[in-house]
Asker: 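This structure is in structure tokens; I'll ask about it shortly.
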Amino acid sequence: MRIATWNINSITARLPRLLDWLASAQPDVLCLQELKVAADAFPQEPLRELGYESVVSAGGRWNGVAVLSRVGIADPATALPDAPEYEGVVEARAAAATCGGVRVWSVYVPNGREVDHPHYAYKLEWLAALKETAASSAPSPSPFAILGDYNIAPTDQDVWDIALFDGATHVTPAERAALAALEKSGLKEVYPRALKYDVPFTYWDYRQLGFPKNKGMRIDLVYGNAGFDAAVQDAYVDREARKGKGASDHAPVVVDVDV
DNA sequence: ATGCCGGGATGTTCCCGA
């Protein structure tokens, strides 16, 4: 089974590229983030024509996540249990489904903006809620994984120049401690192959030739429980999808599992 | 080569992303 995650930065703007990518990469399950679409504008029909059912948590202009599956959907969820609110709202940042026997979460972790911004405290609260979900599901003998845009670079090597991130979000000890907490809960990161260069970045800013100069970040991550990790056959970042006009600023992470 | 930001609403400007 092929499972992938991709921050597509607007499913409306990206629909032609999304449909092309589904047809060529042939994932069985795809976790999407940053849909930037209202629930009633989610493109169910063209996805259904390619054989995909969807669990959608749509937030309108911002956020929005989904799980697409062509191997069935059971026990759908459209929010993280005990998800914290931001400015009085539970944002559309998590969706889950059991697809072909694998429990899959698609998550869009809050950005944090600046370390002294309320959004950063919210980010850490959100990650604490995510850890609770991880801790309750990781012991399951069935494969379980949380895929998505974590907005955290796990190590200093996961950004193109750590010196430029002094005092910035995405690299702080507290954020990395949240990833360590997921591992303590029984999850392990699935590290993708690099198809080019040493570090498999997943995001490159649109500005200042970020992609051609490979000024990227590795922030789209896959964490799985023991059953999932044991089933992994291959994993890679499909940087081809970042090329050309009309690309998302993120590339998909693809994981092949033998389940 | 992959080429100098893009998306969407509050709309012709602003907020957000990381």
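To find a chain, count down the sequence lines: A is the first, B the second, and so on, and within it residues start at 1.
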Asker: For A:Arg14 and B:dC5, what is the distance between atoms CZ and P respectively, to the nearest whole Å?
Answerer: 16 Å
Asker: Can a side chain N or O of A:Asn151 be found less than 4.0 Å away from OP1 or OP2 on B:dA18?
Answerer: yes
Asker: Rounding to an integer number of Å, can you tell me how far A:Asp249 CG sits from B:dC4 C1'?
Answerer: 15 Å
Asker: Among residues 193-221 of chain A, which contact DNA chain B at a heavy-atom distance under 4.0 Å?
Answerer: A:Lys196, A:Tyr197, A:Tyr203, A:Tyr206, A:Arg207, A:Gln208, A:Leu209, A:Phe211, A:Pro212, A:Met217, A:Ile219
Asker: Would you say the ring centers of A:Phe165 and A:Trp160 fall short of 6.0 Å from each other?
Answerer: yes
Asker: Considering only atom P, compute the distance from B:dA9 to B:dC4 and round it to an integer number of Å.
Answerer: 25 Å
Asker: Which word best sums up how the rings of A:Tyr86 and A:His119 line up, parallel for under 30°, tilted for 30 to 60°, or perpendicular for over 60°?
Answerer: perpendicular
Asker: Taking the same atom, C1', in B:dT13 and in B:dT2, what whole-Å distance lies between them?
Answerer: 30 Å
Asker: On the nucleotide B:dC16, are OP1 or OP2 found under 4.0 Å from the side-chain N or O atoms that A:His119 carries?
Answerer: no
Asker: Kindly write out the residues that satisfy side-chain contact (heavy atoms from CB on, under 4.5 Å) with A:Glu125, not counting sequence neighbours, or none if the list is empty.
Answerer: A:Pro84
Asker: Rounded to the nearest angstrom, tell me the gap between atom CG in A:Leu35 and atom C1' in B:dG6.
Answerer: 17 Å
Asker: For the pair made of CG in A:Asn63 and C1' in B:dA18, what is the distance, rounded to whole Å?
Answerer: 14 Å
Asker: When rounded to the nearest Å, what value does the distance between C1' atoms of B:dG11 and B:dG7 take?
Answerer: 13 Å
Asker: Take the angle between the ring planes of A:Phe211 and A:Trp204 and call it parallel below 30°, perpendicular above 60°, tilted in between.
Answerer: perpendicular
Asker: Indicate, yes or no, whether a donor-acceptor pair under 3.5 Å links the base of B:dA18 to the side chain of A:Asn111.
Answerer: yes
